[in-house]
2 protein chains.
Amino acid sequence: MGLTKSQEFNQSQNQLAEFAKALAHPARIAIIEQLLKCGTCICGDLVATLPLSQSTISQHLKELKRIGIIKGEVEGPRVCYCINEKIWAEAQTRLSELFSSFAGKGCC
Amino acid sequence: MGLTKSQEFNQSQNQLAEFAKALAHPARIAIIEQLLKCGTCICGDLVATLPLSQSTISQHLKELKRIGIIKGEVEGPRVCYCINEKIWAEAQTRLSELFSSFAGKGCC
DNA sequence: TACATGTATCGCAATAATACGATTAAGGTT
DNA sequence: AACCTTAATCGTATTATTGCGATACATGTA
């Protein structure tokens, strides 16, 4: 049917998938990298840096905001974006839990 | 246009995005969790566990295999899947690099 | 060889994501 | 108020992803 059956999986699995989805596009990786590096930036900075239009970047920012990874603060006519420390740390924790649960049992 | 402009981003960004994409669906999280827990399993095990059809699960396995996160070994009539340690470790390294590069500079 | 088991692939349908131009909105500045 | 700057949203087109049934394939077993 083409409808992702999220409701058939548990909350932990869906949350992990959401965090991963935030990182699942090179443009969003680039946005996050810039935020990590600069601490803060406005949409216009990203438009100047990335090979995408303003509307597309705005859309990616919206998606990152929806997931919670970043937050934006209105600052006059512009919006200042930065990493949402709390959610960022949570994503880190959840993902590293997943990775570290590998016991290296080897293959068949 | 709808065409992801991967070629406009660097290899590191694309690779990170690919690793994240592997984890960006609850079904694939569930598959990976089962592999982490059991060490190894066949497609039929997953079909018994997950709320998805055999063909859909086979597709997710194919995607995970394409990215390299898992590998499959033919074992008689069945295929034995397991985590590809090397790639798994690389994904872990790359992702934790990203997360740990946060200096906590705070927002505007 | 005929059959059973387990997996991959094909074909299709539907939803989701990506991207852009144009427009709207919101906040300063003159 | 008129205008400029900046960002968000709308509308649309295109590609990607998800999902399933049916079928093909591959490998054992009777």
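Because only heavy atoms are used, hydrogens play no part in the values below, and waters and symmetry mates are left out as well, while side chains stay in. Below, read A as the first sequence line, B as the second, and so on, with proteins coming before strands; counting in each chain starts at 1.
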Check: Ile32(A) and Ile69(A) side chains under 4.5 Å, non-hydrogen atoms: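 In contact.
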
Side-chain touch Leu35(A)/Cys41(A), heavy atoms, less than 4.5 angstrom: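 Of all side-chain heavy-atom pairs linking Cys41(A) with Leu35(A), at least one is under 4.5 Å.
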
Other residues, nucleotides, ligands: >12 heavy atoms within 6.0 Å of Gln11(A) CD: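 Atom CD in Gln11(A) is not crowded, with 12 or fewer foreign heavy atoms closer than 6.0 Å.
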
Quickly work out the [X] [atom1] to [N] [atom2] distance and round it to whole Å.
| X | N | atom1 | atom2 | value |
| --- | --- | --- | --- | --- |
| Lys65(B) | dT7(C) | NZ | P | 11 Å |
| Ile42(B) | dA26(D) | CD1 | P | 19 Å |
| Glu73(A) | dA8(D) | CD | P | 13 Å |
| Gln59(A) | dA13(D) | CD | C1' | 13 Å |
| Arg78(B) | dT5(C) | CZ | C1' | 8 Å |
| Glu63(B) | dT9(C) | CD | C1' | 15 Å |
| Leu50(A) | dA7(D) | CG | P | 13 Å |
| Ile57(B) | dC20(D) | CD1 | P | 8 Å |

Most 5' of Val74(A) and Ser6(B) on DNA chain C, judged by nearest nucleotide: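 First, find each residue's nearest nucleotide; the 5'-ward one identifies Ser6(B).
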
Residue whose closest nucleotide on DNA chain C lies nearer the 5' end, Gly76(A) versus Leu52(A):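 Its nearest nucleotide being more 5', the pick is Leu52(A).
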
Out of dA8(D), dA19(C), dA8(C), whichever nucleotide has its closest atom nearest the side chain of Ser58(A):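 Nearest nucleotide to the side chain: dA8(D).
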
Per Val79(A) side chain, nearest of listed nucleotides dA8(D), dT7(C), dT5(D):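 My answer, after comparing the listed nucleotides, is dA8(D).
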
Counting only side-chain nitrogens and oxygens, does [X] get under 4.0 Å of the OP1 or OP2 atom of [N]?
| X | N | answer |
| --- | --- | --- |
| Lys21(A) | dA16(C) | no |
| His25(A) | dA19(C) | yes |
| Arg28(A) | dT18(C) | yes |
| Tyr81(B) | dG6(C) | no |
| Ser53(B) | dC20(D) | yes |
| Lys5(B) | dC20(C) | yes |
| His60(B) | dG19(D) | yes |
| Thr56(A) | dA19(C) | no |

Touch class at under 4.0 angstrom, heavy-atom based, for Gln54(B) against every strand present: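 Base: the residue Gln54(B), judged by heavy atoms under 4.0 Å, touches a nucleobase.
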
Nearest heavy-atom neighbours spanning Asn14(B) and Phe9(B):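 Of all heavy-atom pairs spanning Asn14(B) and Phe9(B), the closest is ND2-O, 3.2 Å.
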
Sidechain N-carboxylate O distance under 4.0 Å for Lys21(A), Glu18(A):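 The answer is yes: the pair qualifies as a salt bridge.
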
Audit row: Arg78(A), Glu75(A), salt bridge (charged side-chain N to carboxylate O under 4.0 Å, His left out) steps and yes/no: CA-CA 5 Å; Arg78(A) 55 202 108 211; Glu75(A) 203 176 62; 5.5 Å; no

Leu61(A) vs Phe9(A), nearer the 5' end of DNA chain D by closest nucleotide: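 That would be Leu61(A).
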
Side-chain-base donor-acceptor pair under 3.5 Å for Ser55(A) and dG21(C):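 Pair found.
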
